2 protein chains.
Amino acid sequence: MQKCPVEITVELIEGKWKTELLRHLLGGTKRFNELRRLMPEVTQRVMTNQLREMERDGLVERTVYAEIPPKVEYRLTELGRSLEPMLLEMLRWGEAYVRAAEAAGCDRSRNP
Amino acid sequence: MQKCPVEITVELIEGKWKTELLRHLLGGTKRFNELRRLMPEVTQRVMTNQLREMERDGLVERTVYAEIPPKVEYRLTELGRSLEPMLLEMLRWGEAYVRAAEAAGCDRSRNP
DNA sequence: AGGAGTGGTAACGCATGGGTTTGCAGGGAG
DNA sequence: CTCCCTGCAAACCCATGCGTTACCACTCCT
């Protein structure tokens with residue numbers, strides 16, 4: 001049986017740092033350490049992983065320049081850029097959710 | 001620093017079976033074993049977990065009827081139902097993604 | 001008596017995703 | 001000479017999510 005496209009979509013963006021990476025990359029091509037400086041909490045290894053997965057999934061393109069010191073650029077593919085409207089939809093829903101949650105007085109934090 | 005609403009949205013639906021549960025519950029109120037029959041691959045324990053998390057997050061409402069044999073109904077809250085347009089957007093994107101992926105000839109299966 | 005159908009919980013195991021640390025290559029700057 | 005910058009990889013650890021199995025309580029049906 002085939003997997004639902006919604007599920008596929010979720011799997012593509014559910015890495016811990018992928019949505020933030022997408023946000024930054026939607027702003028334009030970035031170098032590796034540029035991304036690291038934008039997201040200092042992320043380890044180098046994890047950053048590489050997330051980017052590599054997105055590359056494997058066809059969302060991100062990786063360009064290596066044979067220079068010293070090394071230079072590697074990450075940019076969104078056409079497919080990656082096509083995520084933007086959907087992400088905006090998710091953004092709007094998320095904002096509404098947060099508003100609704102705090103209107104309900106519920107502190108839905110995950111630390112019990 | 002505040003977490004991005006997109007990230008929040010992802011966290012709410014990224015459980016392994018949550019999108020499928022949402023699909024079924026968008027079709028109307030369901031009893032527990034009714035859901036189990038719709039999704040036989042899911043263990044009872046896991047099913048309970050996913051539903052409980054969605055309840056905690058305010059997406060699902062749980063009603064217990066004091067009958068014998070027990071009867072427990074799960075229905076979407078207003079907030080849960082408000083997910084539908086966003087999920088449809090994700091569905092459409094996912095379909096386009098699959099088409100693009102197989103057009104590119106790439107078998108992006110996760111088993112190397 | 002025994003089985004099925006109801007909706008659970010508890011104990012356990014395991015793969016995986018993420019995090020930490022360390023090392024490497026090769027040239028430029030102090 | 002030594003340190004810094006670039007982007008990466010390998011070895012290791014740990015928490016979490018999911019899965020497996022077993023058990024419970026209560027009633028009706030055969």
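The shown structure was predicted, so the numbers you read here are calculated from the model rather than taken from an experiment. Every chain is numbered from 1 and lettered A, B, ... according to where its sequence line falls, protein lines coming before strand lines.
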Q.
I need a per-nucleotide contact map over nucleotides 6-14 of chain D, read 5' to 3'. Cutoff is protein heavy atoms under 4.0 Å; write B for the base, S for backbone only, - otherwise.
A. BBBS-BB--

Q: Name all residues meeting the side-chain hydrogen bond (donor to acceptor under 3.5 Å, both in side chains) criterion together with B:Glu7; count only those two or more places apart in sequence or in a different chain, and write none if there are none.
A: A:Thr19

Q: Determine whether the side chains of B:Tyr65 and B:Glu73 contain a donor N or O and an acceptor N or O closer than 3.5 Å.
A: yes

Q: Shoot me the first and last contacting nucleotide of DNA chain C against chain A, ordered 5' to 3', at under 4.0 angstrom to non-hydrogen atoms.
A: C:dG18 to C:dG27

Please list every donor-acceptor pair under 3.5 Å in which a side-chain atom of residues 78-85 of chain A meets a protein atom from a residue at least two apart or in another chain.
{"unit_1": "A:Glu78", "atom_1": "OE1", "unit_2": "A:Arg81", "atom_2": "NH1", "d": "2.9"}
{"unit_1": "A:Arg81", "atom_1": "NH2", "unit_2": "A:Leu76", "atom_2": "O", "d": "3.4"}
{"unit_1": "A:Ser82", "atom_1": "OG", "unit_2": "A:Leu79", "atom_2": "O", "d": "2.5"}
{"unit_1": "A:Ser82", "atom_1": "OG", "unit_2": "B:Trp93", "atom_2": "NE1", "d": "2.9"}

Q. Should the pair A:Glu20-A:Lys18 be classified as a salt bridge under the 4.0 Å nitrogen-to-oxygen rule?
A. no

Q) Looking across every strand, which nucleic acid part, if any, lies under 4.0 Å from B:Glu53 by heavy atom: base, sugar-phosphate, or nothing? A) nothing

Q: Only counting residues at least two apart or in another chain, list the ones meeting side chain to side chain contact (heavy atoms under 4.5 Å, CB included) with B:Arg36.
A: B:Phe32, B:Asn33, B:Gln44, B:Met47

Could you give the [atom1]-to-[atom2] distance, from [X] to [N], as a whole number of Å?
X	N	atom1	atom2	value
B:Met47	D:dG17	CE	C1'	16 Å
B:Asn49	D:dT20	CG	P	14 Å
B:Ile68	D:dT27	CD1	C1'	6 Å
A:Lys16	D:dG17	NZ	P	11 Å

Q | Residue list, salt bridge (Lys or Arg N to Asp or Glu O under 4.0 Å) with B:Arg92, at least two apart or on another chain | A | B:Glu89

(Q) Using the rule that Ile, Leu, Val, Met, Phe, Trp and Tyr join whenever any side-chain heavy atoms are under 4.5 Å apart, tell me whether A:Val72 and A:Ile68 fall into a single cluster. (A) no

Q) Side-chain contact, heavy-atom cut-off 4.5 Å: B:Leu25 with B:Val60? A) yes

